[in-house]
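Accompanying notes for the structure given below.
The chain is numbered in sequence order, starting from 1.
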Amino acid sequence: MGSAETSRRLACDTSRVVMRHDEEGRVVEIGARTRTIPPALRRALLHRDRGCRFPGCGVRFAEGHHLRHWAHGGPTTLSNLALLCRRHHRAVHEEGYQVARGPDEVLRFRRPDGRPLPEVPQAAVVRGDAVKILRACHDGLGLRLGARTACPGWLGERLNVGWAIDVLHPRAQRSRPCPSSERGLADADPPTTVFAAGPSPILE
């Protein structure tokens with residue numbers, strides 16, 4: 001997708017000024033600036049869609065999308081409009097996703113390869129007690145979840161770059177345990193990072 005689709009996306013929901021040129025490129029007429037989607041129609045669109053209509057999104061801050069672009073003869077009417085957030089508006093115009101309103105007035109989205117994109121993703125099939133299955137899975141992984149599991153332990157200290165590389169880099173190996181925090185462990189030895197022999201990780 002090139003700049004033409006980018007221009008159509010930007011022109012979907014914006015102000016526009018029509019300028020006419022003669023054969024030599026000189027401006028011969030400039031129309032008044034008009035809104036692609038008038039305020040009253042925008043209010044109706046917001047009331048109907050409530051947010052981005054892309055499956056699984058629903059972001060409230062969204063742009064009006066012409067299902068059939070006005071540059072191709074599509075009318076600026078409620079039936080030809082749908083709200084899409086900026087990310088999914090770009091996906092429809094520039095990344096090959098498609099959206100159309102069917103005879104039953106339901107929006108149908110398709111992936112770039114043409115496969116339908118369901119309105120609601122299919123739920124995972126769980127056979128048995130879901131809570132027991134989840135707890136058994138956690139026990140198998142050695143996870144112990146409590147009331148403070150999701151609470152961060154960061155106290156405002158600066159990032160320990162050596163420790164971060166030591167933990168994140170798959171080829172790193174520690175010569176001694178690293179403190180998880182500088183606060184409360186001020187007397188601990190600073191972390192030492194030793195990389196395993198082999199090709200430079202930057203060049204891999």
Side-chain angles (χ1 to χ4, degrees), residues 1-19 30-126 130-131 133-135 137-138 143 145-157 159 164 168:
M1 300 298 176
S3 59
E5 280 300 329
T6 302
S7 300
R8 291 188 186 97
R9 172 173 59 84
L10 296 174
C12 248
D13 186 9
T14 185
S15 298
R16 59 180 174 176
V17 176
V18 178
M19 304 175 68
I30 301 178
R33 186 176 68 173
T34 58
R35 286 289 304 177
T36 302
I37 302 177
L41 184 55
R42 168 169 289 281
R43 287 193 294 271
L45 180 61
L46 292 172
H47 178 76
R48 186 195 67 186
D49 287 359
R50 303 290 182 181
C52 178
R53 295 295 306 275
F54 198 91
C57 184
V59 169
R60 297 298 298 272
F61 298 99
E63 304 168 345
H65 168 68
H66 284 73
L67 302 177
R68 183 184 180 196
H69 203 278
W70 55 262
H72 298 153
T76 303
T77 59
L78 195 59
S79 61
N80 192 46
L81 293 171
L83 284 182
L84 293 174
C85 69
R86 183 169 297 180
R87 171 68 188 89
H88 290 125
H89 201 182
R90 184 181 298 111
V92 168
H93 273 285
E94 299 164 47
E95 297 175 14
Y97 284 84
Q98 307 152 42
V99 56
R101 194 181 303 280
D104 54 0
E105 299 299 318
V106 175
L107 288 179
R108 289 182 172 81
F109 289 81
R110 292 186 176 275
R111 296 180 173 88
D113 59 7
R115 290 181 297 142
L117 196 62
E119 179 64 26
V120 179
Q122 294 182 351
V125 177
V126 179
V131 175
I133 293 174
L134 185 60
R135 285 177 175 169
C137 179
H138 289 169
L143 298 177
L145 305 182
R148 298 188 59 80
T149 298
C151 296
W154 183 61
L155 300 175
E157 61 270 20
L159 172 66
L168 297 176

Are the side chain of [X] and the backbone N or O of [Y] linked by a donor-acceptor pair below 3.5 Å?
{"X": "Trp70", "Y": "Gly73", "value": "no"}
{"X": "Arg90", "Y": "Glu94", "value": "no"}
{"X": "Asp104", "Y": "Val106", "value": "yes"}
{"X": "Asn80", "Y": "Pro75", "value": "yes"}
{"X": "Arg101", "Y": "Leu81", "value": "yes"}

Approximate separation, where rounding is to 0.5 Å, of [X] [atom1] and [Y] [atom2]:
{"X": "Leu78", "Y": "Arg48", "atom1": "CG", "atom2": "CZ", "value": "4.0 Å"}
{"X": "Leu45", "Y": "Arg53", "atom1": "CG", "atom2": "CZ", "value": "9.5 Å"}
{"X": "Leu84", "Y": "His88", "atom1": "CG", "atom2": "NE2", "value": "8.5 Å"}
{"X": "His65", "Y": "Cys12", "atom1": "NE2", "atom2": "SG", "value": "5.5 Å"}

Quick check: do [X] and [Y] have side-chain heavy atoms less than 4.5 Å from each other?
{"X": "Pro55", "Y": "Pro118", "result": "no"}
{"X": "Thr77", "Y": "Leu41", "result": "no"}
{"X": "Arg42", "Y": "Pro38", "result": "no"}
{"X": "His66", "Y": "Thr76", "result": "yes"}
{"X": "Leu67", "Y": "Val99", "result": "yes"}
{"X": "Cys52", "Y": "Leu83", "result": "no"}

Point to revise | Partner set under side chain to side chain contact (heavy atoms under 4.5 Å, CB included) for Arg115, not counting sequence neighbours | key: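 In terms of side chain to side chain contact (heavy atoms under 4.5 Å, CB included), with neighbours along the sequence ignored, Arg115 is linked to Arg111, Asp113.
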**Study point:** Atom CZ of Arg135: over 12 foreign heavy atoms under 6.0 Å
**Key:**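 Incorrect, the count does not exceed 12.
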Please find the pair of heavy atoms, one from [X] and one from [Y], that lie closest to each other, and give the distance.
{"X": "Cys85", "Y": "Val59", "answer": "CB-CB, 4.1 Å"}
{"X": "Ile37", "Y": "Gly64", "answer": "CD1-CA, 3.8 Å"}
{"X": "Ala164", "Y": "Leu159", "answer": "CB-CD1, 4.2 Å"}

Practice item. State which residues pass salt bridge (charged side-chain N to carboxylate O under 4.0 Å, His left out) with Arg86; sequence neighbours excluded, sorted by chain then number. Key: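 Scan of Arg86 (salt bridge (charged side-chain N to carboxylate O under 4.0 Å, His left out), adjacent residues dropped) gives Glu63.
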Point to revise | Geometric class of the Phe54/Phe109 ring pair [parallel <30°, tilted 30-60°, perpendicular >60°] | key: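 Judged by the thresholds at 30° and 60°, the geometry between Phe109 and Phe54 is perpendicular.
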